[in-house]
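Beneath this line is the structure, given in structure tokens, with notes to follow.
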Amino acid sequence: SFPAGMRGDHALIIPFTTSGHFIPLLDLTRHLVLRGLTVTVVATSDTLPLLSPLISDHPSSIKALVLPLCLEATSGWNDLTSCTRTAIRDLGTLHGPIRDWIAGHHSPPSVIISDMFAGWAHRLAQEVGIKSILFSPSGAMALSVIFSLWRDMPRPPPADKEDTAFAFPEIPNQPEYPWWQLSGLFRAHREGDPVSEFIKEAFLANSQSWGVVVNSFNELEGAYIDHLMKMVGHGRVWAVGPLLPVEPIVSSGQRGGISSILVEDLVSWLDSCGDRTVLYVCFGSQARLAEEQTAALASALEKSEVNFVWVVREDQPTKVALESFEDRVAGRGLVIRGWAPQLPILNHPAVGAFLTHCGWNSIMEALVAGVPMLAWPMGADQFVNATLIADQLKVARRVSEGASAIPDSDKLARAIREFIDWEDCPERVRADVMRRAAADTMGHGGSSSENFDKMVKHAHV
Ligand code: UDP
């Protein structure tokens, strides 16, 4: 469907290694290939397995550029920010090797599309005289807040005044956010550490990229996409979401990881539940609850008496909190330890609500499925995302807040019960409106699909 002239254009993709960043950028890559581009994806030994299915489907148009990189494990919520900082710095060591690779290539890329955590790639693109596009795995509102933070560099409050609020008056409809809710990477910088200047430079470079592509859509975040265009001073900001796999959703069980449960078993369990009776609980790929948090949540799920699927990370402490829990909820509750096939779950008619940490991908996936959310933002851009989905779009209700919060299990049980039982609750009605908008925007003539075409056309040299 793409003009013949674009065929064979070569793009270099630089992903960040964590699932929430890697998954949507791989989806974008597949869409680029379907529009006739040749793509090289920078990979490490860790990410190569995730890339392999894509390469075997399109062996002549996708190549991996595997570069040696030793990333420290990014696990453990307590020092998640420091793990992320280390990983950002380590990825930055690829600047030189990638520049050398481009210089020696017989048909070098004409554009680099790089993750938000690889901001150095925009300088690299300038050095070799090609275009660069920032890929934002965060939404447009969150990206606006991130840009404002790094540009304005607000000062941290004293340690005992973490509740001091920060406003973003130039961004439309923003509440104030307490200091502790601002991006962990940003707070770490203000508290001073050796990696910080590199990270600051990279974020500032992001706001000076040639173009910006956001996993969002105009009907969802139009005001913030307009705001981003004002911030970067040009109109090359393309909302192309919701980015999804190209294969049918039921067969996307291995997206981003190998499912810890047979998708067919899970689906037949869900088939045995009534429509909209199941709560899906998952806090993304990074968060690990402490034992007391797991205990409070288990107790809430038990008291709520609703059906549920709960994803618990394998390296999360659960010994005490989940002792005999699964026996007590047998038949109505399923605990998945490890990686869950999130898309097939969210899109199953039995799933009626999603208790989420408000990671941007999870939000987009819930909107695609028309599933209303219970919001428990924990870190990163999730507090900003919660503002969008709970206070503005009203497709979610807040139930908890903060990475170390221990919810009151009685209150949480009641909130869950009410949400599942109330068939026409406003959030469910609104979620269904967003589901249709999301389907339309990706369809023929929809704004995201047209924006995608515009992006590819602009990137062409
Ligand atoms: N995901 C999944 N199975 C899991 C956990 C996460 O498929 O058990 C996927 C989820 O569908 C989403 C991504 O991993 O695409 C998580 O991204 P998100 O932005 O929601 O959160 P993060 O992991 O970045 O905190």
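Every number for a ligand or one of its atoms is a count from 1 in the order of the listing.
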TODO: With Arg397 as the cation and Phe419 as the aromatic partner, state whether NZ or CZ is under 6.0 Å from the six-membered ring centre and within 45° of the axis.
DONE: no
TODO: Using a strict 4.0 Å threshold on nitrogen-to-oxygen distance, state whether Arg435 and Asp432 make a salt bridge.
DONE: yes
Task: Test: Arg236 cationic atom under 6.0 Å from Trp210 six-membered ring centre, within 45° of axis - done: yes
- [ ] Look at the rings of Phe186 and His189 and say which category their plane angle falls in: under 30° parallel, 30 to 60° tilted, over 60° perpendicular.
- [x] parallel
Dump all N/O pairs between ligand 1 and the protein below 3.5 Å as a table: atom names plus distance, one pair per row.
unit_1   : atom_1 : unit_2 : atom_2 : d
ligand 1 : 3 (N)  : Ala340 : O      : 2.7
ligand 1 : 7 (O)  : Ala340 : O      : 3.2
ligand 1 : 8 (O)  : Arg313 : NH2    : 3.1
ligand 1 : 8 (O)  : Ala340 : N      : 2.8
ligand 1 : 11 (O) : Gln342 : NE2    : 3.2
ligand 1 : 11 (O) : Glu365 : OE1    : 2.6
ligand 1 : 11 (O) : Glu365 : OE2    : 3.3
ligand 1 : 15 (O) : Glu365 : OE2    : 2.6
ligand 1 : 17 (O) : Asn361 : ND2    : 3.4
ligand 1 : 19 (O) : Trp360 : N      : 3.4
ligand 1 : 19 (O) : Asn361 : N      : 3.1
ligand 1 : 19 (O) : Asn361 : ND2    : 2.8
ligand 1 : 20 (O) : Ser362 : N      : 2.9
ligand 1 : 20 (O) : Ser362 : OG     : 2.6
ligand 1 : 21 (O) : His357 : NE2    : 3.1
ligand 1 : 23 (O) : Ser285 : N      : 2.7
ligand 1 : 23 (O) : Ser285 : OG     : 2.5
ligand 1 : 25 (O) : His357 : NE2    : 2.9

- [ ] Answer yes or no: is there a side-chain heavy-atom contact under 4.5 Å between Val312 and Thr294?
- [x] no
Task: Under 3.5 Å donor-acceptor, Asn215 side chain and Pro137 backbone - done: no
